[in-house]
A.B. asks: 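First the structure, which I've put down as structure tokens, then a few questions once you've had a look.
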Amino acid sequence: MQVIATIAELRTRLVDVNAIAFVPTMGNLHEGHLNLMRTAREHGSCVVTSIFVNPLQFGPSEDFDKYPRTLESDCAKLQGLADVVFVPSINEMYPVQQTVFIEPPPIANELCGASRPGHFRGMATVVLKLLNIVQPQVALFGKKDYQQLHIIRSMVAQLNLPTRIVGGETVRAVDGLALSSRNQYLSVPERGEAIFLYQTLQGMRRALLQGERDIERLQQQAVEALSARGWAVDYVAVRNRSDLQAASPVQGGLVPRELVVLAAARLGNTRLLDNIEVSLVD
Ligand code: PAF
């Protein structure tokens, strides 16, 4: 495994490789990332990952400064899983002030975008830069960041990028909490409570499968249940999987079949994110 910090060196290393599978990350790797690396191996002869905490996607009052940077232990975890680890400095990625940005689709202003203005613009911009730098045949992103994956898929399709995007399933702790680099901010009591987010989504999924079609009521009940336990809820939303638009009843009282229930809520200072897919059968 090679650790490479410059674009020039990376290009030289990859010049003759024609099946690159790429996993962009911000480091502080957990089993969710490692699982993506294993899937990447099925898609390419050379697995490249990047570790770069992208300042462009953090708001001024967000956790850019305290975001965990754990390069040494990340590299140890990547042994045997990745062939190349790209670890650019901020200066390598942004040698001049970035004045050209990706304008993400309008959905980027909803859900997580509503409380994180500019986040998806910064994310999409760095992902496009990374795809241009690495030029992979396949790039993999976790489904835990469902809206991020949707926006990346839209960008790649609408800008005709020659990279196939693959989504990786969310990896969970034994109690069901979705693995996230931010989980380590949780205190012990918060870590115990954190599982309630996924349980809430599971409850909504059950209700939908049992025929509940009043989506407004379902969302409202979930917000109330979380708030009553001390969560500050950003959103709980039932959306269409294909376009992330609101899954409201359409003609004939039908709700689209392929749904996803998404939520983001804060426990103390930690913002947790989760989602669950639901396929309606009626
Ligand atoms: O999901 C992440 O870790 C980041 O948003 C990504 C895709 C690496 C871009 O910085």
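In each ligand, atom 1 is the first atom listed, and ligand 1 is the first ligand listed.
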A.B. asks: Check whether the side chains of H150 and R241 place a donor and an acceptor atom closer than 3.5 Å, and report yes or no.
C.D. replies: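 Not at all, the side chains of H150 and R241 share no donor-acceptor pair under 3.5 Å.
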A.B. asks: Is it true that the NZ or CZ of K129 lies under 6.0 Å from the centre of F52's six-membered ring and within 45 degrees of the ring axis?
C.D. replies: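 Here K129 fails the 6.0 Å and 45° test against F52.
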A.B. asks: Can you sort out which atoms of ligand 1 are near M123, meaning under 4.0 Å from one of its heavy atoms?
C.D. replies: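 Close to M123: 5 (O).
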A.B. asks: For ligand 1, which atoms sit closer than 4.0 Å to a heavy atom of V126?
C.D. replies: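 Selected atoms, number and element: 9 (C), 10 (O).
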A.B. asks: For ligand 1, which atoms, with element, lie under 4.0 Å from some heavy atom of Q148?
C.D. replies: 1 (O), 2 (C), 4 (C), 5 (O), 7 (C)
A.B. asks: Whether R172 and D274 form a salt bridge (side-chain N of Lys/Arg under 4.0 Å from carboxylate O of Asp/Glu) is what I want to check.
C.D. replies: yes
A.B. asks: Taking the side chain as every heavy atom from C-beta outward, state whether M26 and I51 have any pair of such atoms under 4.5 Å apart.
C.D. replies: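 Heavy-atom side-chain distance check fails, nothing below 4.5 Å.
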A.B. asks: How far is atom 10 (O) of ligand 1 from its nearest protein heavy atom, and which residue and atom name does that atom have?
C.D. replies: Q57 OE1, 2.7 Å
A.B. asks: Is it the case that the side chains of E277 and Y146 hold a donor-acceptor pair, with the cut-off being a distance below 3.5 Å and no angle test?
C.D. replies: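 The criterion, which ignores hydrogens and geometry beyond distance, is satisfied for E277 and Y146.
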A.B. asks: Tell me which part of M26 gets within contact of ligand 1: side chain, backbone, both or neither, using heavy atoms under 4.0 Å.
C.D. replies: both
A.B. asks: Would you kindly specify which portion of T25 sits under 4.0 Å from ligand 1, judged on non-hydrogen atoms: side chain, backbone, both or neither?
C.D. replies: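 For T25, only backbone atoms sit under 4.0 Å from ligand 1.
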